[in-house]
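One structure below.
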Number of protein chains: 2
Amino acid sequence: MINKINKPTIHDIARALKIDSSTVSRALNNSPKVKEDTKKIILAKAEELGYQRNLLASNLRKNITNTIGVVVPRISRHFFSSAIQGIEETAYQAGYNVIICQSLDQLDRERKIVDGLVSNRVDGLLISISMETIDYNHLEVLKRSGVPLVFFDRHCQIPGYSSVIIDDFKGGFDATEHLILKGCKNIVHFSGPLEVEIYKKRFEGYQAALSKYGISFNSEYILSSRLMEKDGYECIEKLLEKGLEIDGLFSSNDLAAIGAMKYLKEQDIKTPEDVAIVGFSNEPVSRVIEPSITTIDQSGFEMGKLAIDLLLEHITNKSIPKKGQTIILESKLIERDSSKRK
Amino acid sequence: MINKINKPTIHDIARALKIDSSTVSRALNNSPKVKEDTKKIILAKAEELGYQRNLLASNLRKNITNTIGVVVPRISRHFFSSAIQGIEETAYQAGYNVIICQSLDQLDRERKIVDGLVSNRVDGLLISISMETIDYNHLEVLKRSGVPLVFFDRHCQIPGYSSVIIDDFKGGFDATEHLILKGCKNIVHFSGPLEVEIYKKRFEGYQAALSKYGISFNSEYILSSRLMEKDGYECIEKLLEKGLEIDGLFSSNDLAAIGAMKYLKEQDIKTPEDVAIVGFSNEPVSRVIEPSITTIDQSGFEMGKLAIDLLLEHITNKSIPKKGQTIILESKLIERDSSKRK
DNA sequence: CTGTTAGCGCATTCAC
DNA sequence: GTGAATGCGCTAACAG
């Protein structure tokens, strides 16, 4: 006997009841146009047959999916998982499903993911771009298909798309100024790719702070990497091997900062007395692991909330604004006790 | 002018080329039946119009989606995000998309998610059930629809479905024995709901170890909770307020263990000298935060890999085995230096 | 209230 | 090789 588990359709239940499938469809959608009695009978039969609506067909017909796609670099990063938390919360309330995808910071994967999501006709897209995303073509073409898109955190300047971001320039400035005021003269900056907007802005903030206090800029102090823990470790290692003086470090995230800290400890350089560190983060664990790292805080949850709100607005208005709206959140520096210097 | 951004279909490109849409369809699927020349023309026009295949329609027609659904309690937990990593890796290689969903340990959400996934006609399901999942009906009904399902880590006994799990009984036994050998007599056990298979097994392991060493079982030492950090904190607080003697703790995860540890430190009870702790985990950060917690290690990545392999096998064989296969991984205890006693 | 008809976009069988 | 015809499962417009 063949394992013929064909899923029942509305026609199956219509046939069993000797009525028309359109009535079944209406009943299943709880249309007021169908008599309560028949509704009951239909629902019962549906239950009996183990009917489950085929959303592919339904969505195809209705031309909406009630689904929004979310693309982030990695779900394991606390910032992103809390952003997703915020997104899902209001999305579900608004009756939307959420598809979560991670690019792993690979442009290639990001392209495929976005393509797939659009092919699956999501109603909207929320994206925090990968570190490799310097070419925006895969996003720009979306405008032709009219899919609303909102960036959050890692964004890029494409007219017509909105963004929810923090004030990266100010964050970079504050971080650097904080270090300067602590007495640092030789401040290293761990950055992501400088072609990516947020890293560029933070870098500009860094430069501005140096310049304000009349500290000369040394390009050897700028290290661009993927900001993983091992990157921080290796970067600081290289710098020290070069014999460069370092007394302050501004890292564009906490992972790289932790990596650097680890190396310094191994080398018996007792941070934070010797090297003061500031990193971008709202990762609670990293604060516990390295309480000596002062952080520029970003709330993923809040950004997620704002981003989904904006997106839902765009979806319901069917409006892709000409310019796109940008919401900039204040970044705030949270100082740890232990990073006080002499 | 109305914002009429109608997505082009194969008919649009067929019309533009004065050929039939079926040819276009074939070309787009790279069928060998269509001449190379026409293929080129079609592809060019598709590009020009910004055509993107409607996967809803395509999948509906083909009755497969090349998508598998993954349901986990929370993506932010390292165990699950590394499992997802493993799953995605082989899934993508095999040409499958992955939809990630989190139940947040709520049965209600889990039900809706599973329903939605099945309605969207995923080709298979990978699930780690919520802590509230005591009633399996939403999973049992899936058998009628023939959707292959594989459990990993948090599973339940449903004939016909396979599981990838660790040896929870042994884990519970080893943890408890470890504590006993360290000299503990009064061992508390933080558990999840005992109706959930894995917690039950760990508890049984706990009991078996006590019994082996002739230590009497005290039900006051069993605390069932959701195992969040605050749960651990509150549980140990209550126990100590009751005036109960405690010198060992076996927690079913690291979060609750950390919560307990926090409370103990606050109370100036110097763990690990006073209370030895074992928790289930493979969360690297928790080991850094609380190196005094010895752990029973679980590799999410490995379990994810095994689970997806099993699932893909089921999908390609179109076989829902009568009994279901169970892969049991060895659990291993990883001792931390600092948890040595007297 | 219910049935009839049509079609969402695509893939596939059958002709030619 | 290509075109014509059919239907995946569902919803919506239109009758009655």
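Every chain is numbered from 1 and lettered A, B, ... according to where its sequence line falls, protein lines coming before strand lines.
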Between [X] ([atom1]) and [N] ([atom2]), how many Å, whole number?
{"X": "B:Arg15", "N": "C:dC10", "atom1": "CZ", "atom2": "P", "answer": "12 Å"}
{"X": "A:Asn54", "N": "D:dG7", "atom1": "CG", "atom2": "P", "answer": "18 Å"}
{"X": "A:Asn59", "N": "C:dG9", "atom1": "CG", "atom2": "C1'", "answer": "13 Å"}
{"X": "B:Leu60", "N": "D:dT6", "atom1": "CG", "atom2": "P", "answer": "19 Å"}
{"X": "A:Lys7", "N": "D:dG9", "atom1": "NZ", "atom2": "P", "answer": "10 Å"}
{"X": "B:Leu55", "N": "C:dG9", "atom1": "CG", "atom2": "P", "answer": "14 Å"}
{"X": "A:Ile42", "N": "D:dC10", "atom1": "CD1", "atom2": "P", "answer": "13 Å"}
{"X": "B:Asn120", "N": "D:dC8", "atom1": "CG", "atom2": "P", "answer": "20 Å"}

Practice prompt. Check whether any side-chain nitrogen or oxygen of A:Thr9 sits under 4.0 Å from OP1 or OP2 of D:dC8, and answer yes or no.
Written response: no

Quick one: does [X]'s side chain have a donor or acceptor within less than 3.5 Å of a partner on [Y]'s backbone?
{"X": "A:Arg226", "Y": "A:Asp105", "value": "yes"}
{"X": "B:Asn120", "Y": "B:Val122", "value": "no"}
{"X": "A:Arg53", "Y": "B:Ser119", "value": "no"}
{"X": "A:Ser162", "Y": "A:Gln325", "value": "yes"}
{"X": "B:Thr133", "Y": "B:Leu107", "value": "no"}

Are [X] and [Y] within salt-bridge range, i.e. N to O under 4.0 Å?
{"X": "A:Glu36", "Y": "A:Lys39", "result": "yes"}
{"X": "B:Lys305", "Y": "B:Glu302", "result": "no"}
{"X": "A:Lys112", "Y": "A:Asp115", "result": "no"}

Worksheet item: When you match A:Lys18 and B:Leu56 each to their closest nucleotide on DNA chain C, which lands nearer the 5' end?
Response: A:Lys18

Practice prompt. Name the nucleic acid region contacted by A:Ile19, choosing base, sugar-phosphate or nothing; use a 4.0 angstrom heavy-atom cut-off, strictly under.
Written response: sugar-phosphate

Worksheet item: What does A:Asn63 touch in the nucleic acid at a heavy-atom separation under 4.0 angstrom: a base, only the sugar-phosphate, or nothing?
Response: nothing

Worksheet item: the helix from C:dC1-D:dG16 to C:dC16-D:dG1: angle between its terminal axes, five pairs each, to 10°?
Response: 40°

Worksheet item: Considering heavy-atom distances to DNA chain D, does B:Pro32 or B:Arg121 have its closest nucleotide positioned more toward the 5' end?
Response: B:Pro32

Nucleotide N/O of nucleotides 11-15 of chain C paired with protein N/O under 3.5 Å:
| from | atom 1 | to | atom 2 | distance (Å) |
| --- | --- | --- | --- | --- |
| C:dA11 | OP1 | B:Arg53 | NE | 3.3 |
| C:dA11 | OP1 | B:Ser58 | OG | 3.1 |
| C:dA11 | OP2 | B:Ser25 | OG | 2.9 |
| C:dA11 | OP2 | B:Asn29 | ND2 | 3.2 |
| C:dA11 | N3 | B:Arg61 | NH1 | 2.2 |
| C:dT13 | O4 | B:Arg26 | NH1 | 3.3 |

Response to the item:
Partner of B:Asp123 under side chain to side chain donor-acceptor pair (under 3.5 Å), picked from B:Asn59, B:Thr65, B:Thr316, B:Thr67, is B:Thr65

